[in-house]
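See structure below.
Just so we're clear, the structure is a prediction, and the values are computed from it rather than from any experiment. Worth knowing before you read on, the calculation uses all heavy atoms, side chains too, and leaves out hydrogens, waters and symmetry mates.
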Amino acid sequence: MEQPISKPKWEAKVSTKLANASADQIWPFLEDFFGIHKYFPSLATSYGIHGSNGEIGSIRYCEGSSIPSQETKENEEERSTVISWSKEKLTAIDPAEKSLSYEIIDSNTGFHSYVSTIQINKNPIPAGDSTIVVSGDEDGGRLGCVVEWSFSVDAVGGWRLEDLVKKYEVGLHRMAQKMEDILSNSGEGETYN
């Protein structure tokens, strides 16, 4: 009797440090599970297709260009005509820990058994550094946080793990920068000495 061939599992974690925003300021962006396209530059759209935004079991539809669809991997000429999409289910959310997890339940990107967690951690401030203060911030008036994005997925045909990790690093950095920019333009990211 033949044994099923199991694909190797890829696991990785990327992170980015935000110097001008606290964990409490960044969390509302990520908590908006259906609206991630507003902050993730390579997503053209995202919206809810099941459940209520931010509730465990809710499902969002995401469409974008960062990860090419399976249809375009062999034919570069089609890359601009075939949109990549995924349906993602929120599996856990913890506002106190500023963490959420989701899984891809369907996509045309070749991702199978994909599970991801995004966690916002308070940025450790060096002892004696009290120059950055935000009024009314639950983080003790300190700016700075670290956003971590970990994922686990079956090995993806046509990709190397290192290349996928680089895409995640770039995407997370751009998303964090956009969030900081929004905060600084709204006045919420203002710092006081």
Side-chain angles (χ1 to χ4, degrees), residues 10-48 53-54 60-70 72-73 76 79-88 90 93 98-104 107-111 114-124 132 134 139 142-153 156 158-191:
W10 287 351
E11 295 183 358
K13 182 190 292 186
V14 299
S15 65
T16 192
K17 188 175 184 178
L18 289 81
N20 298 312
S22 70
D24 288 325
Q25 289 173 310
I26 294 300
W27 175 246
F29 291 106
L30 295 175
E31 192 175 36
D32 179 11
F33 186 68
F34 291 165
I36 194 69
H37 71 286
K38 296 179 232 173
Y39 319 111
F40 201 82
S42 63
L43 286 180
T45 191
S46 65
Y47 52 86
N53 193 9
R60 68 182 174 197
Y61 173 84
C62 298
E63 193 174 278
S65 60
S66 178
I67 305 292
S69 70
Q70 286 296 99
T72 61
K73 286 205 173 136
E76 289 291 322
R79 185 165 275 204
S80 64
T81 61
V82 178
I83 301 296
S84 300
W85 59 268
S86 63
K87 293 178 183 176
E88 302 173 349
L90 185 63
I93 188 164
K98 296 177 179 46
S99 172
L100 67 82
S101 298
Y102 65 94
E103 63 184 350
I104 293 178
S107 79
N108 68 346
T109 60
F111 284 23
Y114 177 95
V115 178
S116 183
T117 298
I118 299 176
Q119 170 90 39
I120 307 171
N121 298 305
K122 293 178 185 178
N123 189 21
I132 303 173
V134 176
D139 284 340
R142 305 287 186 167
L143 283 182
C145 63
V146 176
V147 180
E148 296 177 339
W149 188 5
S150 60
F151 68 89
S152 172
V153 65
V156 182
W159 281 89
R160 294 180 324 150
L161 177 58
E162 302 81 30
D163 297 332
L164 190 56
V165 168
K166 185 65 179 171
K167 277 218 173 269
Y168 274 68
E169 287 173 342
V170 169
L172 180 60
H173 178 74
R174 287 181 179 162
M175 180 176 71
Q177 183 62 54
K178 189 163 187 175
M179 290 174 180
E180 276 191 320
D181 290 347
I182 290 168
L183 287 171
S184 68
N185 290 334
S186 72
E188 291 181 34
E190 191 172 332
T191 60

For Ile182 and Met179, run side-chain contact (heavy atoms from CB on, under 4.5 Å): C-alpha distance rounded to whole Å, both residues' side-chain angles, the deciding distance at 0.1 Å, then the answer. CA-CA 5 Å; Ile182 290 168; Met179 290 174 180; 5.7 Å; no

Return the minimal non-hydrogen interatomic distance between Ser150 and Ser116, and the atom names on each side. O-OG, 3.0 Å

Is the gap between the ring centers of Phe40 and Trp149 under 6.0 Å? yes

Given 3.5 Å as the limit, does a donor-acceptor pair link the side chain of Asp32 with the main chain of Asn53, or not? no

Going through the checks in order, is the side-chain contact (heavy atoms from CB on, under 4.5 Å) test met by Lys167 and Val170? CA-CA 5 Å; Lys167 277 218 173 269; Val170 169; 6.0 Å; no

Can you tell me how far CD of Glu148 sits from OG of Ser15, rounded to the nearest 0.5 angstrom? 5.5 Å

Minimum heavy-atom distance between Leu30 and Val147, given as atom pair plus value: CD1-CG1, 4.5 Å

Taking the six-membered ring for Trp, are Phe34 and Tyr47 ring centroids under 6.0 Å apart? no

Carefully, step by step, assess Ser86 and Ser107 under the rule side chain to side chain donor-acceptor pair (under 3.5 Å). CA-CA 4 Å; Ser86 63; Ser107 79; over 6 Å; no

Heavy-atom neighbours of His37 NE2 exceed 12 at 6.0 Å: yes

Hey, are Asp24 and Lys122 close enough for a salt bridge, meaning a charged N less than 4.0 Å from a carboxylate O? no

Considering non-hydrogen atoms only, spot the tightest contact between Cys62 and Ser46 and give its length. SG-CB, 3.9 Å

Do NZ/NE/NH1/NH2 and the carboxylate oxygens of Lys178 and Asp181 come within less than 4.0 Å? no

Taking the six-membered ring of Tyr102, is the NZ or CZ of Arg60 close enough (under 6.0 Å from the centre) and on axis enough (within 45°)? yes

When you measure from the side chain of Glu31 to the backbone of Leu100, do you find a donor-acceptor pair of N or O atoms at a distance under 3.5 Å? no

Please answer whether the main-chain N or O of Gln177 pairs with a side-chain N or O of Glu180 as donor and acceptor at a distance below 3.5 Å. no

